[in-house]
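Worksheet for the structure shown next.
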Amino acid sequence: MSTDTLTTQKAFLKYLLRLADDRLILGQRVSEWCGHGPVLEEDLALANIALDLIGHSSALYAYAAQIEDKGHDDDYFAYFRDDYEFTNLQLCELPKGDFGFTIARHFLFSSFSYYQYELLKNAKDEQFRGMINKHLKEIKYHLRHSRDWVLRLGDGTEESHERIQNAFDEVWMYVDELFYTDDVDEIMIASGNGADVNSFKDDWKKFVEDTLTEATLTIPDWDQYMISGSRNGMHTEHLGLILTQLQFLRRSHPEADWK
Amino acid sequence: MSTKTLYIEQQIWDYLQEVTDPEIPVLNIIEMGIARGVSIEGDKVTVFITPTYSGCPAMDAIEKMVKEKLVEKGVSNFDVKLDFSQTWTTDWMTDEAKIKLKDFGIAPPEKTTSEEDFLKSISGTKIVPCPLCDSFETELQSQFGSTACKAQYFCNSCHQPFEHFKCI
Ligand SMILES: [Zn+2]
């Protein structure tokens, strides 16, 4: 047996880190709206969503540390890994763009998360299941929020329609990765703690298409060129920049404490 | 369990009653359903608290306030632990708490309903009566209010904005 055999424990660790990395990076991105929201209500909404996502990542990282069993903690995974070690989707690291882009991305991400967590909420591992059920309640609010805005912007003014359409066109090449699977997923599904994302792919696509249609938007081509690789550490140049902002303080003062 | 242990446990619950939610000062952490358990082993006291929302920035403050309260009451051997095994729900709020919320001007959460058909009901908005004038002529302004746990509404009868504690 080679030393890099993917054990159930290692697969669980990777799985948790993928989920957590998506949420940390997207949460950090969404937090950039704090103080810059188009209206006060949205400023508050986006700041709250960012907090939720970072809260989700923190719980997942803490559990990852427990599974890894090397004495690390949640902060270690967030602050002391380099870009190639992050396995978040490129979808999550793209710059926040205009409000339309943020909404389009969040609608795709939160609807995907909703379907995924609906499967994970029956996971065998008790602690993992507890976390998922808690986060799922909040994901529903995120989905409701972003979906409402897709409808309002799409079926709104000429400018809002054009901007949200452009946002979907721009982000489309990053959606296929949501359904990327490898041996990590296989092991997790076999052990009763993973979600078979391809089992809901058609339902999810239909939900997205229905929403876009209701919003009077054109559905971009599902068969266009799609990027891949981020689950194995391939990223855009945007990840490095967001990590410098996120990690700088902690790395300059590694022993700093709030107390 | 010995009578003495029971007595200490009861006392700890009394102390916890004095710890109020930093965001909603009219409610204590028992009424909020945040304080979930007290266990006594020998002379060691452990208090279990459950976070409301994952991103709730008040959790650190609450943990600190519990510790300070115990110190203030002369409890020296204690631990405050976060309990993630259960999922916090507004159903844990006591009825008394919901009345206090309303008196404070926040529309309380109603009982949660099963959301098996969440995607079908996604576009529906529910009616929340105004906590100030009890009118049903209200409208949702934002799913998120001053904190993640509240949504913003506006009352078309008394023309006042108000917050609704979301059911979760
Ligand atoms: Zn009113």
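Note: hydrogens, waters and symmetry copies are ignored here, and every other heavy atom, side chains too, is used. Quick note on labels: first sequence line is chain A, next is B, and so on, each numbered from 1.
Of the atoms belonging to A:Tyr115, it is side-chain heavy atoms, and not backbone ones, that fall under 4.5 Å from chain B. Residue A:Gln127: no heavy atom, backbone or side chain, is found under 4.5 Å from chain B. Contacts between B:Cys149 and chain A at a heavy-atom distance below 4.5 Å are absent for every atom of the residue. Heavy atoms of B:Lys64 lying under 4.5 Å from chain A are absent altogether.
Between A:Tyr141 and B:Phe144, the angle of the ring planes goes over 60°, which puts this pair in the perpendicular group of the 30/60° scheme.
Between A:Glu118 atom CD and B:Leu119 atom CG the span is 8.0 Å, to the nearest 0.5 Å. Between the NZ atom in A:Lys137 and the OG1 atom in B:Thr89 there is a gap of 4.0 Å [rounded to 0.5 Å].
In B:Gln11, the CD atom is crowded: over 12 heavy atoms of neighbouring residues, nucleotides or ligands sit closer than 6.0 Å. No more than 12 heavy atoms of other residues, nucleotides or ligands sit less than 6.0 Å from atom CZ of A:Phe248. Taking a 6.0 Å sphere around CG of A:Leu40, one finds it holds more than 12 heavy atoms contributed by other residues, nucleotides or ligands. Within 6.0 Å of atom CG in B:Asp95, 12 or fewer heavy atoms from other residues, nucleotides or ligands are found, so the atom counts as exposed in its surroundings. By the neighbour-count criterion of 12 heavy atoms within 6.0 Å, atom CD of B:Glu72 is densely surrounded, having more than that number from other residues, nucleotides or ligands. In B:Lys81, the NZ atom is not crowded: 12 or fewer heavy atoms of neighbouring residues, nucleotides or ligands sit closer than 6.0 Å. Other residues, nucleotides and ligands contribute more than 12 heavy atoms inside 6.0 Å of the CZ atom of A:Phe179.
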(request) Quick one: do A:Phe207 and B:Ile122 satisfy side-chain contact (heavy atoms from CB on, under 4.5 Å)? Show the steps, please. (result) CA-CA 11 Å; A:Phe207 175 73; B:Ile122 192 167; 4.3 Å; yes
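Side-chain contact check for A:Glu138 versus B:Ile168: some heavy-atom pair is nearer than 4.5 Å.
Listed for the A:Lys134 side chain is a donor-acceptor partner under 3.5 Å among the backbone atoms of B:Thr52.
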